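Just so we're clear, the structure is a prediction, and the values are computed from it rather than from any experiment.
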Amino acid sequence: MPEGPEIRRAADTLEAAVKGKPLTDVWFGLPSLARFAADLVGQCVEKMETRGKALLTHFSGGLTLYSHNQLYGVWRVVRAGEIPQTNRVLRVRLQTEQKAILLYSASDIALLTPEQLAQHPFLQRVGPDVLDMTLTVEQVKARLLSPRFRRRQFSGLLLDQAFLAGLGNYLRVEILWQSALAPQHNASQLSEAQLDVLSQALLDIPRLSYQTRGVVDENKHHGALFRFKVFHRAGEACERCGGIIEKTTMSSRPFYWCPVCQR
């Protein structure tokens, strides 16, 4: 399943295609939304916001389209009027004069007023988004030490969207390796120095993945690039200590780690 960085990059692509351009055609496959389509024609997409793995499409008239891809949903950008050949079920089409964005297969979709958006159950439940650039290391550290989370094992905590939205399995693995921490620990067991390192990694790793993952030109102008240090590298040597990376299962998801240097 895509994690926060992938959802945000997808949102960037969708936004670049239609943001600020009047909608010439709007179509919804769900009967509960179809009545809104005509009113949205002529409006513009003002912004596409991510909250973890949810996407919020804000229209100039004040409504917001909430969508969560879950396991099977996918957005596509096509030329206006283009109908791709696919077995997927089309749920949403937002079309401008030149481009259209299409949402296939997702089932968790709603059109919300500002009041409904503020009260949406999923959005109320999720924590701060790791790709929100106003979120600070100090705020993350305070969240780690809060009564709600301080005794939660990292193996489960780093998958819980109520802690920080946008984290997922590969990010969990890479953050704990970067922090040299075993997954069985919790925040109450860490020193101040360890807490500082973990809090920084919880922001740095997702943001680096968002900014650079998929970049293949490794010249100096790009600086650091995101690459897996342990994820999907079972049996290989750890680049930090030379230990052998192992694979196990934690919180029902594959987990990769170095048992030598992750203490």
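Here the closest non-hydrogen pair linking A17 and T96 is O-OG1, 4.4 Å. Nearest heavy-atom pair, C241 versus C258, reported as atom, atom and distance to 0.1 Å: SG-SG, 3.4 Å. In plain terms, the two heavy atoms of C238 and C261 that are nearest each other are SG-SG, 3.7 Å. Scanning all heavy atoms of the two residues, the minimum distance from K53 to G168 falls at NZ-CA, 4.4 Å. Nearest approach of S188 to R151, heavy atoms of both residues: OG-NH1, 3.4 Å. The two residues F154 and A187 have their closest heavy-atom pair at CZ-N, 3.5 Å.
Residue pairs meeting the salt bridge (Lys or Arg N to Asp or Glu O under 4.0 Å) criterion with at least one member in residues 12-29, sequence neighbours excluded, are R8-D12, D25-R93. Within the structure, side-chain hydrogen bond (donor to acceptor under 3.5 Å, both in side chains) contacts touching residues 101-115 (residues at least two apart or in different chains) are Y66-D108, Q70-S107, R88-S105, T113-E115, T113-Q116. Screening residues 188-203 for salt bridge (Lys or Arg N to Asp or Glu O under 4.0 Å), with sequence neighbours left out, gives K141-E192, K141-D196. Screening residues 254-263 for salt bridge (Lys or Arg N to Asp or Glu O under 4.0 Å), with sequence neighbours left out, gives no hits.
Between the side chain of Q194 and the backbone N or O of L190 there is no donor-acceptor pair closer than 3.5 Å. Using a distance-only test at 3.5 Å, with no hydrogens or angles considered, a donor-acceptor pair links the side chain of N169 to the main chain of P254. Listed for the R207 side chain is a donor-acceptor partner under 3.5 Å among the backbone atoms of V130. In this structure a side-chain-to-backbone donor-acceptor pair under 3.5 Å is present from S146 to R143. At distances below 3.5 Å, at least one donor-acceptor pair connects side-chain atoms of T24 with backbone N or O atoms of Q95. For Q178 (side chain) and I205 (main-chain N/O), no donor-acceptor pair under 3.5 Å exists by modelled atom type. No donor-acceptor distance shorter than 3.5 angstrom exists from the side chain of R172 to the backbone of L159, with no hydrogens or angles considered. No donor-acceptor pair closer than 3.5 Å links the side chain of Q98 to the backbone N or O of A80. No side-chain donor-acceptor contact under 3.5 Å links E174 to the backbone of L171.
Note that the OG atom of S179 and the CG atom of D204 stand 9.5 Å from one another [nearest 0.5 Å]. The OG atom of S199 lies 7.5 Å from the CG atom of L145; values are rounded to the nearest 0.5 Å. Interatomic distance, L144 CG to N186 CG, rounded to the nearest 0.5 Å: 10.0 Å. Between L203 atom CG and T136 atom OG1 the span is 7.5 Å, to the nearest 0.5 Å.
Y170 and I245 fall within a single hydrophobic cluster, where Ile, Leu, Val, Met, Phe, Trp and Tyr side chains are chained together by heavy-atom contacts under 4.5 Å. The same ILVMFWY cluster, assembled from side-chain heavy atoms under 4.5 Å apart, contains both L176 and L195. V197 and I175 sit in two unconnected hydrophobic clusters of ILVMFWY residues. Membership requires side-chain heavy atoms under 4.5 Å apart, directly or through other members. L90 and L14 fall into different hydrophobic clusters, defined by Ile, Leu, Val, Met, Phe, Trp and Tyr side-chain heavy atoms under 4.5 Å apart, directly or through other members. The hydrophobic cluster containing L158 also contains L131, counting ILVMFWY residues as joined when their side-chain heavy atoms lie under 4.5 angstrom apart, directly or transitively.
Residues D160 and L167 form no side-chain contact, since every pair of their non-hydrogen atoms from C-beta on lies 4.5 Å or further apart. Residues F28 and L65 have side chains in contact (heavy-atom distance under 4.5 Å, counting atoms from C-beta outward). Using a 4.5 Å cut-off on side-chain heavy atoms (C-beta onward), V173 and W257 make no contact. The closest side-chain heavy-atom distance from W75 to I7 is not below 4.5 Å. Counting heavy atoms from C-beta outward, M250 and Q184 have side chains that approach closer than 4.5 Å.
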Chi angles and distances behind the side chain to side chain donor-acceptor pair (under 3.5 Å) call for E3, Y210
CA-CA 10 Å; E3 302 181 22; Y210 163 61; over 6 Å; no
Evaluate side-chain contact (heavy atoms from CB on, under 4.5 Å) for W177 paired with R240, printing each intermediate quantity in order.
CA-CA 10 Å; W177 182 87; R240 181 166 53 211; 3.5 Å; yes
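Dense packing is recorded around CZ of F228, with more than 12 heavy atoms of other residues, nucleotides or ligands lying under 6.0 Å away.
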Without placing hydrogens or testing angles, list every side-chain donor-acceptor pair under 3.5 Å for residues 34-48, not counting sequence neighbours.
{"unit_1": "Q43", "atom_1": "OE1", "unit_2": "G61", "atom_2": "N", "d": "2.8"}
{"unit_1": "Q43", "atom_1": "NE2", "unit_2": "D39", "atom_2": "O", "d": "3.0"}

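Partners of F163 under the ring-ring contact (aromatic ring centres under 6.0 Å, His included) rule, at least two apart in sequence or in another chain, are F149. With sequence neighbours excluded, no residue satisfies side-chain hydrogen bond (donor to acceptor under 3.5 Å, both in side chains) with Q119. Residues passing the side-chain hydrogen bond (donor to acceptor under 3.5 Å, both in side chains) test with N69, sequence neighbours excluded: none. For T64, the side-chain contact (heavy atoms from CB on, under 4.5 Å) partners at least two apart in sequence or on another chain are L56, H58, L117. T13 is linked by a side-chain contact (heavy atoms from CB on, under 4.5 Å) to V77, counting only residues two or more places apart in sequence or in another chain. When the side-chain hydrogen bond (donor to acceptor under 3.5 Å, both in side chains) test is applied to E239, the partners found at least two apart in sequence or on another chain are R227, K229. Residues satisfying the side-chain hydrogen bond (donor to acceptor under 3.5 Å, both in side chains) test with Q189, not counting sequence neighbours, are H185.
With hydrogens and angles left out, the side-chain atoms of E236 and Y256 include no donor and acceptor closer than 3.5 Å.
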